[in-house]
Amino acid sequence: MKKNTFIVALALLLAPIAVQASTGGKELPSKISKDNSVKEVIDSYVKAIGGESKMKAVHNVEMNMEAEIQGMKLIISGVTDQENERLLNVTEVNGNVMSKTVVKDGVGTVTAMGQEQVLTKEQVSAVLKNQVYAFRELYLDELGIAVTFEGTEEVGGEQAYKLSFEAGGDANTIEYYSVETGLKIQTVSEIAGTIQYKDYQEVDGLMMPMKMVITNSMMPMPLEAKITSIKFNQDLDDSVFN
């Protein structure tokens with residue numbers, strides 16, 4: 001399978017991905033103290049989302065999204081199950097399956113354009129660290145992710161705290177959290193593109209972004225995806241991940 005096909009399929013997963021952030025690079029004064037700064041940013045984020053107890057009560061997520069690119073309708077559906085480290089993601093274009101990603105039992109596959117690619121152990125690890133956990137900020141120790149406070153930058157016209165997540169290889173990301181609201185507003189990683197999180201709304205007591213704008217060098221233009229449904233803690237049959 002051509003590498004670009006795999007990257008596009010990976011870019012459409014509901015997860016932290018990126019090329020380079022269009023942040024303007026403007027350094028701004030930080031309201032967060034240098035001592036314990038990572039914890040302060042994450043604590044503010046957790047509070048803004050709805051609190052640690054509600055976030056940790058989420059064990060799996062079903063999410064559906066719609067988007068349009070060059071006149072083609074995309075339907076993106078995903079299921080993540082952090083308890084059993086399983087993931088399913090399907091992208092349909094004009095009613096036809098463009099890509100399907102499945103991770104279960106430590107094995108991952110990406111099927112796109114009629115071809116299947118088995119993910120390496122490193123790629124499976126990246127998917128598990130970036131995509132299976134709905135709120136991975138609460139599981140940094142378990143996932144072996146080191147986080148560094150990188151100061152403050154301007155993202156989309158607002159001030160944001162910049163945290164570097166060192167998870168290993170393709171799993172490394174840069175996360176941006178709004179100084180004003182505490183909410184995550186952008187994710188950047190080297191492999192795939194940039195995700196901006198917008199239009200936060202309450203879902204079962206948790207603040208969730210209902211719009212994501214994905215920018216990727218393999219796509220001709222930014223992809224604006226709107227979430228049409230989110231469900232937490234569903235009864236998931238094994239057949240879902242086939």
Side-chain angles (χ1 to χ4, degrees), residues 7 9-18 21 32 36-63 78-89 101-110 118-150 160-177 182-195 197 206-209 212 214 230 232-233 236 241:
I7 292 176
L10 193 62
L12 293 174
L13 291 172
L14 308 181
I17 57 176
I32 295 290
N36 225 20
S37 54
V38 170
K39 183 179 186 301
E40 290 181 51
V41 173
I42 292 178
D43 285 350
S44 177
Y45 165 72
V46 170
K47 182 178 180 180
I49 290 294
E52 182 174 345
S53 61
K54 290 181 180 179
M55 294 165 75
K56 282 194 169 182
V58 175
H59 304 299
N60 63 63
V61 180
E62 291 186 14
M63 185 180 295
V79 182
T80 58
D81 176 13
Q82 71 184 51
E83 281 191 314
N84 300 291
E85 296 191 329
R86 301 182 296 183
L87 174 145
L88 170 72
N89 187 277
T101 302
V102 177
V103 174
K104 66 176 182 178
D105 300 326
V107 177
T109 59
V110 175
V118 178
L119 301 183
T120 66
K121 289 183 179 179
E122 290 76 15
Q123 289 168 335
V124 170
S125 176
V127 170
L128 294 178
K129 288 183 177 182
N130 281 352
Q131 298 165 336
V132 171
Y133 286 76
F135 307 105
R136 67 172 181 161
E137 284 86 350
L138 298 177
Y139 303 94
L140 297 174
D141 291 339
E142 291 94 322
L143 294 172
I145 299 175
V147 184
T148 304
F149 180 66
E150 301 287 352
Y161 299 120
K162 178 181 178 182
L163 298 185
S164 174
F165 282 58
E166 296 293 330
D170 292 345
N172 293 343
T173 65
I174 302 293
E175 310 288 349
Y176 295 86
Y177 302 83
L183 295 169
K184 185 186 298 186
I185 58 175
Q186 185 168 268
T187 294
V188 172
S189 70
E190 185 176 354
I191 186 175
T194 300
I195 291 182
Y197 307 100
L206 294 168
M207 297 299 293
M208 302 294 292
M212 300 183 190
I214 304 170
I230 301 177
F232 301 130
N233 300 331
L236 300 177
F241 301 92

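Just so we're clear, the structure is a prediction, and the values are computed from it rather than from any experiment.
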Exercise for the section: Please examine the side chains of Ile174 and Lys162, heavy atoms only from C-beta on, and report whether any two atoms are closer than 4.5 Å. Expected result: yes

Handout entry: Close side-chain approach of Phe165 and Asn130, heavy atoms under 4.5 Å
Key = no

Let me check something: any side-chain donor-acceptor pairs from residues 137-144 under 3.5 Å, sequence neighbours excluded? List them with distances.
from, atom 1, to, atom 2, distance (Å)
Glu137, OE2, Tyr177, OH, 2.5
Glu137, OE2, Lys184, NZ, 2.9
Tyr139, OH, Gln82, NE2, 3.3

Problem - side-chain contact (heavy atoms from CB on, under 4.5 Å) between Ile49 and Leu183, intermediate numbers included - result: CA-CA 7 Å; Ile49 290 294; Leu183 295 169; 3.8 Å; yes

Considering non-hydrogen atoms only, spot the tightest contact between [X] and [Y] and give its length.
{"X": "Val127", "Y": "Leu87", "answer": "CG1-CD1, 3.9 Å"}
{"X": "Leu119", "Y": "Thr109", "answer": "CG-N, 4.1 Å"}
{"X": "Gly50", "Y": "Leu206", "answer": "CA-CD2, 4.3 Å"}
{"X": "Ser44", "Y": "Gly182", "answer": "OG-CA, 3.7 Å"}
{"X": "Glu175", "Y": "Arg136", "answer": "OE2-NH2, 2.8 Å"}
{"X": "Val61", "Y": "Ala134", "answer": "CG2-CB, 3.9 Å"}

Hey, what do you get for [atom1] ([X]) to [atom2] ([Y]), rounding to the nearest 0.5 Å?
{"X": "Ile214", "Y": "Thr194", "atom1": "CD1", "atom2": "OG1", "result": "10.5 Å"}
{"X": "Asp81", "Y": "His59", "atom1": "CG", "atom2": "NE2", "result": "10.0 Å"}
{"X": "Tyr133", "Y": "Ile145", "atom1": "OH", "atom2": "CD1", "result": "9.5 Å"}
{"X": "Gln131", "Y": "Thr80", "atom1": "CD", "atom2": "OG1", "result": "9.5 Å"}
{"X": "Asn233", "Y": "Glu83", "atom1": "CG", "atom2": "CD", "result": "8.0 Å"}
{"X": "Ile185", "Y": "Ile195", "atom1": "CD1", "atom2": "CD1", "result": "13.5 Å"}

Practice task
Could you walk me through whether Leu163 and Val38 pass side-chain contact (heavy atoms from CB on, under 4.5 Å), step by step?
Solution key: CA-CA 7 Å; Leu163 298 185; Val38 170; 4.3 Å; yes

Practice task
Determine, stepwise, if the pair Glu85 / Val103 fulfils side-chain contact (heavy atoms from CB on, under 4.5 Å).
Solution key: CA-CA 8 Å; Glu85 296 191 329; Val103 174; over 6 Å; no

Practice task
Show the numbers, then the answer: is there a side-chain contact (heavy atoms from CB on, under 4.5 Å) between Asp105 and Phe241?
Solution key: CA-CA 10 Å; Asp105 300 326; Phe241 301 92; over 6 Å; no

Handout entry: Counterpart residues, side chain to side chain contact (heavy atoms under 4.5 Å, CB included), relative to Lys47 (two or more places apart)
Key = none

